[in-house]
Amino acid sequence: MSVYTQLTDDQFAAFCQRFGVSFARAIPITQGIKNSNWFIQTTDDVDGAHAYVFTLFEERPPEDIEKMAVILNQLDGKLPVAAPLALVALGADDNADTEKRYVIHYEDKAITLVPCLSGSHPQETTPAMCHEIGAALAMLHETLQALQPAQDYGVPLYPWSEVRDREMQFMPGDEAKLMRDIWQAYSNLPLTDLPKGLCHLDMFADNTLWDLTKGQEKLTGLLDFTEVSVEHYVMDIAITINDFCTTWGDAEQGELVHFDRRKMAAFLEGYESKRALNRDEKRALPVMLAKAAVIFWLLRLNVIHYNRTEGRTGDNIMVKNPDLMKRLAAYHWAHVEKAQKTVFVLSNDKRDNQLIGIFSDITHAEQARATLSNRRELSIKEYTLDQLA
């Protein structure tokens, strides 16, 4: 993640000692937008190697990170996660329960140290990788059901409606309408009937690690559990699909946004190999995909707002382009609108359903059939626009 708080080598050494680790060198990690992260080389590591990741959480309070440590320990052994190290007793003045603590408090911020996982962040995904991450997300949902009540372990959901209201004041009319329409469609879903539980809510490709051996790609790490909250499972699914199934073009490619529905099908097949989706979840997914894109559109706008108000600048501050998520939201919303619009197709049953005409309402379709001499051979069928496509 981007580095916002600067630490000295002496500070790194003292913090690592509290985790029982001998510090040699800290290497900044620049990907991401929320926390300060470093790879830690120990005195036992060979040149160029690093055994741990040191994270200073810029926004989340330490008590939230303590919950995260419990969650990671619950998943450890079932999924490739890095559980935070426990603090070690360094003297007689330490509390008796030190071994149960995983977080150092530093200037009201939390610090953790976790083992490095092997693998690399994927630059692009394949349908097979989407299938595997789908199965992993379902396993995560199933495994964390053991932590009850779930509200005691998840952090509160961020008040995105407040960010929406602030940002919509400055948006062009078409963008504000897109956001408003998607939000309303989400509100109209049968939300109380959708299954929910502890969710990751940030399972982007850059929060995963893989053995990227060509044709044998294998998931080796799931990262960044700071956003785990109680949410609808289908929202977590939508968030993950949006990144894993989208190709994000760089500036030289015009920053194109290409969503691959074949990859989405592979993801859902993988997910349902571990946990079946019910009918309400399947019906809600198209709107959830659009809402998930809106949330990350707002998240990136909020980071820009936060950096500006806090005066945070520098080459090591990375901000992701919010327009990419806006375009993805528009893509998903177009599919939702097509699914909501109905047309009536007049065709000839005796000639392999030869198309005669498409009409916006049943009355015009019936009138057209009545004018044709072979009307007894003709049928009228109702389709949504996305089915017709």
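Put simply, Ile27 and Leu209 are part of two different groups of oily side chains (I, L, V, M, F, W, Y) that touch within less than 4.5 Å, one to the next. Under a hydrophobic clustering in which Ile, Leu, Val, Met, Phe, Trp and Tyr are joined whenever their side-chain heavy atoms come within less than 4.5 Å, directly or via other members, Leu268 and Leu219 fall into the same cluster. Residue Tyr158 is grouped with residue Val303 when hydrophobic side chains (ILVMFWY) are merged at heavy-atom distances under 4.5 angstrom, including chains of intermediate members. In terms of hydrophobic clustering, with Ile, Leu, Val, Met, Phe, Trp and Tyr side chains grouped at heavy-atom distances under 4.5 Å, Leu223 and Trp38 are assigned to different clusters.
Not a single donor-acceptor pair under 3.5 Å links the side chain of Asp165 to the backbone N or O of Glu162. Counting only distance, with no hydrogens or angles, the side chain of Thr55 and the backbone of Thr112 share no donor-acceptor pair below 3.5 Å. Although no hydrogens or angles enter the test, the distance criterion places no donor-acceptor pair under 3.5 Å between the side chain of Glu132 and the main chain of Gly270. Panel note: side chain Asp76, backbone Leu72; no donor-acceptor pair is recorded below 3.5 Å. Panel note: side chain Thr226, backbone Asp224; no donor-acceptor pair is recorded below 3.5 Å. Counting only distance, with no hydrogens or angles, the side chain of Lys263 and the backbone of Thr125 share a donor-acceptor pair below 3.5 Å. Between the side chain of Ser229 and the backbone N or O of Val155 there is at least one donor-acceptor pair closer than 3.5 Å. Side-chain atoms of Thr309 come within 3.5 Å of backbone N or O of Tyr306 as a donor-acceptor pair. Here the side chain of Asn73 pairs no donor or acceptor atom with the backbone of Ala83 at under 3.5 angstrom. Counting only distance, with no hydrogens or angles, the side chain of Asp260 and the backbone of Thr246 share no donor-acceptor pair below 3.5 Å.
For the atom pair Ser22 OG and Asp44 CG, the distance stands at 5.0 Å (nearest 0.5 Å). Expressed to the nearest 0.5 Å, how far CG of Leu212 lies from CD of Glu217 amounts to 6.5 Å. In this structure, CZ on Arg369 lies 7.0 Å from CG on Leu378, to the nearest 0.5 angstrom. In this structure, CE in Met325 is found 11.5 Å from CG in Leu298, a value given to the nearest 0.5 Å. The line from CG of Leu144 to CG of Leu75 is 4.5 Å long, rounded to the nearest 0.5 Å. The line from CD of Glu59 to CG of Asp64 is 11.5 Å long, rounded to the nearest 0.5 Å.
With contacts defined as side-chain heavy-atom distances shorter than 4.5 Å, the pair Ser379/Ser347 qualifies. Residues Leu85 and Pro115 have side chains in contact (heavy-atom distance under 4.5 Å, counting atoms from C-beta outward). Met171 has its side chain within reach of Leu301: a pair of non-hydrogen atoms, C-beta onward, lies under 4.5 Å apart. For the pair Asp211 and Ser118, the minimum side-chain heavy-atom distance is 4.5 Å or more. You'll find the side chain of Phe23 reaches within 4.5 Å of the side chain of Asp9, heavy atoms only. At least one side-chain heavy atom of Arg327 sits under 4.5 Å from a side-chain heavy atom of Asp323. Residues Leu277 and Ile237 meet the side-chain proximity criterion, which asks for heavy atoms closer than 4.5 Å. Side-chain atoms of Met288 and His232, non-hydrogen and from C-beta on, do get closer than 4.5 Å to each other.
No more than 12 heavy atoms of other residues, nucleotides or ligands shown are found within 6.0 angstrom of CG on Asp108. More than 12 heavy atoms of other residues, nucleotides or ligands shown are found within 6.0 angstrom of CD on Glu63. In the displayed structure, Lys274 atom NZ is contacted under 6.0 Å by at most 12 heavy atoms of other residues, nucleotides or ligands. Within a 6.0 Å sphere centred on CZ of Arg261, other residues, nucleotides and ligands contribute more than 12 heavy atoms.
If you look at Tyr52 and Phe19, their ring centroids are not closer than 6.0 Å. Taking the six-membered ring for Trp and the full ring otherwise, the centers of Phe244 and Phe267 sit at least 6.0 Å from each other.
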Might you work through the side chain to side chain contact (heavy atoms under 4.5 Å, CB included) test for Met68 and Ile65, ending with a clear yes or no?
CA-CA 5 Å; Met68 181 192 70; Ile65 308 308; 3.6 Å; yes
As a quick check of understanding, evaluate side chain to side chain contact (heavy atoms under 4.5 Å, CB included) for Tyr186 and Met235, giving each step before the final call.
CA-CA 11 Å; Tyr186 168 79; Met235 173 58 82; 4.3 Å; yes
Quick one: do Leu117 and Leu222 satisfy side chain to side chain contact (heavy atoms under 4.5 Å, CB included)? Show the steps, please.
CA-CA 9 Å; Leu117 298 171; Leu222 302 177; over 6 Å; no
For side chain to side chain contact (heavy atoms under 4.5 Å, CB included), just list the numbers for Lys67 and Val228, CA-CA rounded to whole Å, side-chain angles, deciding distance to a tenth of an Å, and then say yes or no.
CA-CA 9 Å; Lys67 295 176 183 179; Val228 173; over 6 Å; no
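Using a 3.5 Å distance cut-off with no hydrogens or angles, the side chains of His200 and Asn207 do not pair a donor with an acceptor. Side-chain atoms of Gln74 and Tyr153 form no donor-acceptor pair, as typed in the model, at a separation below 3.5 Å. A donor-acceptor pair shorter than 3.5 Å can be found between the side chains of Asn302 and Arg166. A donor and an acceptor atom, one from each side chain of Thr8 and Asp10, are nowhere located under 3.5 Å apart. Looking at Glu58 and Thr5, their side chains do bring a donor and an acceptor atom within 3.5 Å of each other.
Pairing each heavy atom of Gly197 with each of Tyr233, the nearest pair is CA-OH, 3.5 Å. Listed here is the closest heavy atom pair of Asn321 and Arg300: O-NH1, 3.1 Å. For Asp45 against Ala51, the heavy-atom pair with the smallest separation is OD2-N, 3.2 Å. Here the shortest heavy-atom pairing between Ile104 and Leu87 reads CG1-CD2, 3.6 Å. Glu231 approaches Cys199 most closely through the heavy-atom pair O-SG, 3.4 Å. The two residues Pro84 and Tyr102 come nearest to each other via the heavy atoms O-CD2, 3.3 Å.
Cation-pi geometry between Lys218 and Trp210 is not met at under 6.0 angstrom from the ring centre and within 45 degrees of the axis.
In summary, of the residues considered (Phe15, Phe57, Phe12), a ring pair (Phe, Tyr, Trp, His ring centres under 6.0 Å) with Tyr106 occurs for Phe15 alone. Asp280 pairs in a side-chain contact (heavy atoms from CB on, under 4.5 Å) with only one of the listed residues (Leu285, Leu194, Val234), which is Leu194.
Residues Asp206 and Lys320 are paired through a salt bridge, judged by an N-O separation under 4.0 Å between the basic side chain and the carboxylate. Ion pairing between Arg275 and Glu281 holds under the 4.0 Å rule for side-chain N and carboxylate O. A salt bridge is defined here as a Lys NZ or Arg NE, NH1 or NH2 lying under 4.0 Å from an Asp or Glu carboxylate O, and Lys326 with Glu175 meets this definition.
Using bins of under 30°, 30° to 60° and over 60° for the plane-to-plane angle, the ring pair Tyr331/Phe259 lands in the tilted bin.
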